[in-house]
Amino acid sequence: MAESTPGSMKDLLDYLARELVDDPDAVRVEQADDERGVLLTLRVAQDDMGKVIGRGGRTARAIRIVMKAAGMRAGIHHTGVEIVD
């Protein structure tokens with residue numbers, strides 16, 4: 001199953017973020033693996049931060065929940081998502 005590899009976690013976050021923002025070319029996702037799991041760092045254009053975070057952080061929370069579920073399905077114990085500007 002190619003969709004269960006950790007590399008596809010990066011692709012999934014990239015896809016989700018690009019669908020939310022006005023400037024998809026500015027989306028950058030970095031992946032760092034360690035003994036606990038995977039840490040994904042999402043960077044978007046400054047003007048798109050509000051769209052990615054959402055009202056009260058709801059969109060960011062939803063992104064983290066989806067990524068955690070995908071990580072669990074792929075057998076990754078810990079999946080973290082950091083949104084930075």
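By the 4.5 Å heavy-atom criterion applied to side chains, L16 and M67 are counted as neighbours. With contacts defined as side-chain heavy-atom distances shorter than 4.5 Å, the pair L40/K10 qualifies. Here the side chains of D48 and L20 are not in contact, with every heavy-atom distance at 4.5 Å or above.
Taken together through direct or relayed side-chain contacts under 4.5 Å among Ile, Leu, Val, Met, Phe, Trp and Tyr, V27 and L39 form parts of separate hydrophobic clusters. Hydrophobic clustering (side-chain heavy atoms under 4.5 Å, transitive across Ile, Leu, Val, Met, Phe, Trp, Tyr) groups L42 together with M49.
Atom CG of L13 and atom CD1 of I83 lie 8.0 Å apart (nearest 0.5 Å). Note that NE2 of H78 is 11.5 Å distant from CE of M72, once rounded to the nearest 0.5 Å. The distance from atom CD1 of I65 to atom OG1 of T79, rounded to the nearest 0.5 Å, is 13.0 Å. The CD1 atom of I63 sits 11.5 Å away from atom CZ of R61, with the distance rounded to the nearest 0.5 Å.
Among all heavy-atom pairs drawn from L12 and A70, the shortest one is CD2-CB, 3.7 Å. Contact detail for Q31 and V38: the closest heavy-atom pair is CG-CG1, 3.7 Å.
Under the side-chain contact (heavy atoms from CB on, under 4.5 Å) criterion, R43 pairs with R28, E30, T41, V84, sequence neighbours left out. Applying the side chain to side chain donor-acceptor pair (under 3.5 Å) criterion to D23, with sequence neighbours excluded, gives no partner residue. With sequence neighbours excluded, no residue satisfies salt bridge (Lys or Arg N to Asp or Glu O under 4.0 Å) with K68.
Under the 3.5 Å distance criterion, the side-chain polar atoms of D85 are left unmatched by any main-chain donor or acceptor of Q46.
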